[in-house]
> 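Sharing a structure below in structure tokens format, with a few things to ask.
On a predicted model such as this, the values are computed, not experimentally measured, just so you know. For the single chain, residues carry numbers from 1 onward in sequence order.
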Amino acid sequence: MLLTRQLATARLRNPYLFYGVSRHVRTQAVPERDGRPNPPFLDSSPRHFGLATPRELVEYLNEFVVGQENAKKVLSVAVFNHYNRVRANVAFQEVDQSDAEEQVDPVDGVATARLRPLRKRSPRGPPLSLLARQHLPLFEKSNVLVIGPTGSGKTLLAKTLAKVLDVPFSVSDATSFTQAGYVGDDVDMAIQRLLQAANWDPLRASMGIVYIDEIDKIARRASAGTEGSRDVGGEGVQQALLRMMEGSIVTVQAKGGGGSYSEVPPMGMGGDGHSRGQRPSPSAPAPKPEVYHIDTSNVLFIVSGAFVGLDNVIKQRVAKGSIGFTANLNASSKGMSLPFFTPNGKSSQHVLDMVETGDLVKYGFIPEFISRLPTITTLAPLTVPDLRRILTEVKGSLISQYQALFGYSGVEIRFTSASLDEICHKAAERGGGARGLRGIMESLLLDSMYEVPGSDICHVLITEDVVKGTASPGYWYRGDGVAFWEAWANEESNYSRKHSLKS
């Protein structure tokens, strides 16, 4: 395997090469060898592990993403297992290659023949660890599929994870993927972005994480192959992605890397290269290779999509029509009702939670592609309380963003509690999840953002009537801060009185 040969060659030349790759991927200490200290990457103290537990990852995600507890657990466990998988596979390959290292005399430079019987025995005495004696197999990866409606937090989960991960992390969009030879991006572009995130280090890139959004856009069309049309972005892209997710050698062309391994350019080639026999100046940057070979066997793939219409496929499978006085209508009571029935109770289970591989195949994916995604998690639509938390509580909330935006103009803006509730209700009716909140805020604050800059206005108050469109925002000028706070306090007291009467 290409990665194994690269690891063996690099380890023989420099035993400390993988310090930058696995400095946060340690769990067990390894005893010293021949009186030499352990390389830094073998330091296994918990404080050096980085993202130690999936629970810590979930706690970090809770600061930015509201709800979606199951999806947070699935992604945190997948990332944590990916760290362990990379550490274990690298350690196994290092131990396996240590048995094949040649013993060279430092004086004469003569290597021994190393003819061994069937039973292998380490020439350096005791084995490095229990892992070396057991010869555990390489750990296989478990790619993840995330399904959820638009605005539920799929992309935000990936971007938030990318901030805390110490392995290369790339984000791609499947809408631009086409088959090789057609206008658009090849699937290899995802690996090229991963290589860029790894600072063009093929070894680190071969252990990174690839996130592909809008994966439902490459589903096979029902009319593919008819009327003389060809689905260049459907099944062909799935075939290319499944080979990449399973593990293959991907050749990536280095864009912008004008150098090569050779110091002297070949004859007959002009351009900016050096003349024959002339060495590059010491201050010139080291040339990058034009072609990289990335092994995706240890690359974790996380794909997500909205899958519009998948709920109808699930309902057709789950809903079973029947007639008669003793007919079983459990489907209607669980939110799986037929068009003629309206359930009185609230749905206790989201439709997408019951997704199966057969539903995805009927949606337009080939079975071979779905089998490469053993872990499937779903995201539920955001409720009004969830939208309220997104608006005010999470880090980087919309309210804090607009308050900081007005603050750059020296203006203080405040929202009453009733106005926040009305904004969330309008966003829930409009749809679009968290993205619908920003659209409502932009239209709500358009007049204020137009009138306030360059004026003497120092305070802006948004009330419930302003959100409903029956009143204009309240403006207070310099020196009217007391009146502004009194108006806001009166609105809050009225809001508290109404809620106390309802309860």
> For the pair K73 and E69, find out whether any cationic side-chain nitrogen is under 4.0 Å from an anionic carboxylate oxygen.
no

> Kindly indicate whether a cation-pi arrangement holds for K72 with Y60, taking the cut-offs as under 6.0 Å to the six-membered ring centre and within 45° of the axis.
no

> How close do F365 and D216 get, heavy atom to heavy atom, and via which atoms?
CZ-CA, 3.9 Å

> Does the side chain of D185 come under 3.5 Å of the side chain of S176 through a donor N or O and an acceptor N or O?
yes

> Of all the heavy-atom pairs spanning V210 and A190, show the shortest one and how long it is.
CG1-CB, 4.0 Å

> L145 and side chain to side chain contact (heavy atoms under 4.5 Å, CB included): which partner among T377, V74, I215?
I215

> Carefully, step by step, assess E422 and K426 under the rule salt bridge (charged side-chain N to carboxylate O under 4.0 Å, His left out).
CA-CA 6 Å; E422 185 63 23; K426 292 184 66 175; over 6 Å; no

> Minimum heavy-atom separation for D359 to V313, with atom names?
O-CG1, 3.9 Å

> On the 0 to 90° scale, with breaks at 30° and 60°, tag the Y363-F307 ring pair as parallel, tilted or perpendicular.
tilted

> Considering the options K395, K163, R389, which one meets the salt bridge (Lys or Arg N to Asp or Glu O under 4.0 Å) requirement together with E63?
K395

> Determine, for R243 against E246, whether the closest basic-nitrogen to carboxylate-oxygen distance falls under 4.0 angstrom.
no

> Can you name the nearest heavy-atom pair linking Y211 to K154, along with the distance?
OH-O, 3.4 Å

> Please report the shortest heavy-atom distance between G151 and R435, naming the atom on each side.
N-NH1, 3.0 Å

> Tell me the closest heavy-atom pair linking A198 and P168, and the distance in Å.
CB-CG, 3.5 Å

